[in-house]
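Order of appearance sets the numbers: ligands from 1, and atoms from 1 within every ligand.
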Amino acid sequence: MDTQRPQFHFLPPKNWMNDPNGLIQWQGTYHLFYQHNPNAAVWGDMHWGHARSQDLIHWRHLPMALTPDYSPDSPDRGGCFTGCALNWNGQPTFVYTGWTPERETVLLATSQDDLLTWQKHPANPVIASAPANMQTTGFRDPFLWREGAEYRMAIGSGIQGQGGAVLLYTSADLIHWEYRSILCQSLPEPLNGLDQGSMWECPNFLPVGENHLLIVSVMAKTQYTLALLGDYSGDHFTPHQAFKLDGGNISCYAPQVFQDERGRQIYFGWAWEARSQQAQVEAGWSGVMTLPRLIEPGGKHGFRVRPVPEVESLRAAPIGPHQFALSPAEDVILPDISGDSLELQLTIPLRENPLSGAVGLYVRQSPDGQERTEIRVDLENQLLIVDTSRSSLSPEAAPNRYELPLPLADTDVLTLRIFVDHSILEVYANEDAVITARMYPTRADSLGVALFSTQTVPKVEIRAWKMTSAFEE
Ligand code: DQQ
């Protein structure tokens with residue numbers, strides 16, 4: 001049995017998966033497509049895999065949706081790279097990146113049989129190259145929306161020597177496209193101290209309350225997903241604030257946002273493996289999706305992120321609520337909460353506790369503490385931290401330490417919502433900060449959960465659920 005393989009996060013039956021693609025709800029049913037190498041657990045030969053779901057949580061795997069055309073002149077002979085899906089006059093349609101070593105193009109494909117098989121459009125490529133006068137670092141991952149009668153498209157790019165950029169195109173018919181402007185590009189100074197990199201992949205552009213949010217996956221020394229909040233007017237977006245969409249860097253990369261039939265804005269991100277390529281090949285699979293997450297206006301940043309409520313359908317056996325007092329003298333090892341497939345909810349009243357010291361949990365902890373993954377809230381510095389440096393005894397697993405600002409001023413209650421699914425961990429703190437991480441415990445008894453604190457906390461409350469599988473047998 002593969003003890004690292006997630007059970008309630010989406011992944012294909014075998015081999016490699018990266019970016020979520022073509023997310024759409026079509027006549028009630030959710031479809032998830034994804035970058036897929038069907039022949040190996042390493043990146044390459046990009047196809048689009050396919051699965052469908054009635055509730056965003058329980059998935060049925062379906063046959064391959066897009067396969068590269070390997071003939072010499074084909075624009076996707078090197079791979080069907082990332083793209084999105086839309087309803088084009090009643091027809092399910094993909095707008096995706098054709099890749100060859102020489103060029104990146106924009107291609108269309110449509111389906112006439114309930115999104116099962118796809119025909120590439122005779123007008124391909126509908127955009128044959130980046131604007132001629134621009135020195136771009138890349139040109140891929142179209143993201144579309146409608147404004148009145150017009151289609152608008154954001155394309156991931158970068159300007160050589162300047163940094164990441166998103167290009168804006170418009171079209172009346174999806175076939176003929178006009179380059180309009182640079183929607184947004186790296187600012188000369190880093191915003192909120194974040195490195196803006198040389199190339200912005202996988203753009204998403206959406207209204208959130210009064211503002212717009214531009215989400216891009218940044219190719220920098222450390223790859224991560226940048227969320228820019230700002231104003232959209234005419235053909236330009238002006239960012240005012242910058243955040244990491246997820247503090248786990250490449251543990252939530254290339255996210256794609258789509259709007260479902262209820263108007264909810266939902267994204268999945270791709271969690272890379274944090275173990276050696278050899279370990280991935282031996283396992284026979286690589287890459288996991290995050291849980292589907294809602295983006296909504298509100299919170300301390302102007303937008304907040306939480307898992308869709310449908311994740312609660314995975315809950316079995318509820319445990320607690322239990323109340324504990326915490327002290328720096330010893331950790332509280334929870335006697336009846338343990339496992340590798342769990343949801344945990346920890347509530348810490350902050351009004352009665354001064355904002356000092358740190359409080360947190362260990363998950364996937366062995367009885368002697370040799371292996372454990374640390375989730376820590378640094379109350380004094382208002383940081384959420386996930387530390388995987390002791391998660392695994394295996395030399396194949398890479399240790400990481402992630403941290404993200406967690407604004408706690410004027411906060412009465414801190415709620416941590418934690419999902420443990422074998423080798424993937426998601427931590428949501430008050431919907432204001434989320435960190436995804438990978439962990440690969442080796443010991444069969446690394447299942448424990450413990451609470452710790454560096455100060456006396458008179459009362460915390462914890463609830464837990466064992467989680468069931470997301471896949472039909
Ligand atoms: N992965 C895809 C690209 C995208 C990148 C290729 C991001 O389209 O830019 O597999 O992970």
Looking at [X] versus [Y], is the centre-to-centre ring distance below 6.0 Å?
| X | Y | result |
| --- | --- | --- |
| Phe268 | Phe10 | no |
| Phe243 | Phe303 | yes |
| Phe205 | Trp145 | yes |
| Phe8 | His422 | no |
| Phe258 | Trp26 | no |

Query raised in the report: Going by heavy atoms, is Trp99 under 4.0 Å from ligand 1?
Result: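 The answer is no: ligand 1 sits nowhere under 4.0 Å from a heavy atom of Trp99.
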Query - Proximal ligand 1 atoms for Trp270, defined as those under 4.0 Å from one of its heavy atoms - result: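 Answer, ordered by atom number: 11 (O).
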Query - Protein contact to atom 6 (C) of ligand 1 [nearest heavy atom, distance to 0.1 Å] - result: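 Result: Gln35 OE1, 3.2 Å.
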Query - Top protein contact for atom 8 (O) of ligand 1, by heavy-atom distance - result: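 Minimum-distance protein heavy atom for atom 8 (O) of ligand 1 reads Asp141 OD1, 2.6 Å.
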Query raised in the report: With only distance considered, is Glu201 within less than 3.5 Å of ligand 1 through an N or O on each side?
Result: yes
Query raised in the report: If we ignore angles and hydrogens, is there a donor and acceptor under 3.5 Å between the side chains of Asp173 and His176?
Result: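 Note: Asp173 and His176 side chains meet the donor-acceptor criterion.
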Report summary line: Under 4.0 Å between heavy atoms, the region of Thr82 that gets near ligand 1 turns out to be both
**Report entry** Proximal candidate to atom 5 (C) of ligand 1 [heavy atom criterion; set Asp19, Asn21, Asn18]
**Finding:**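 It is Asp19 that holds the nearest heavy atom.
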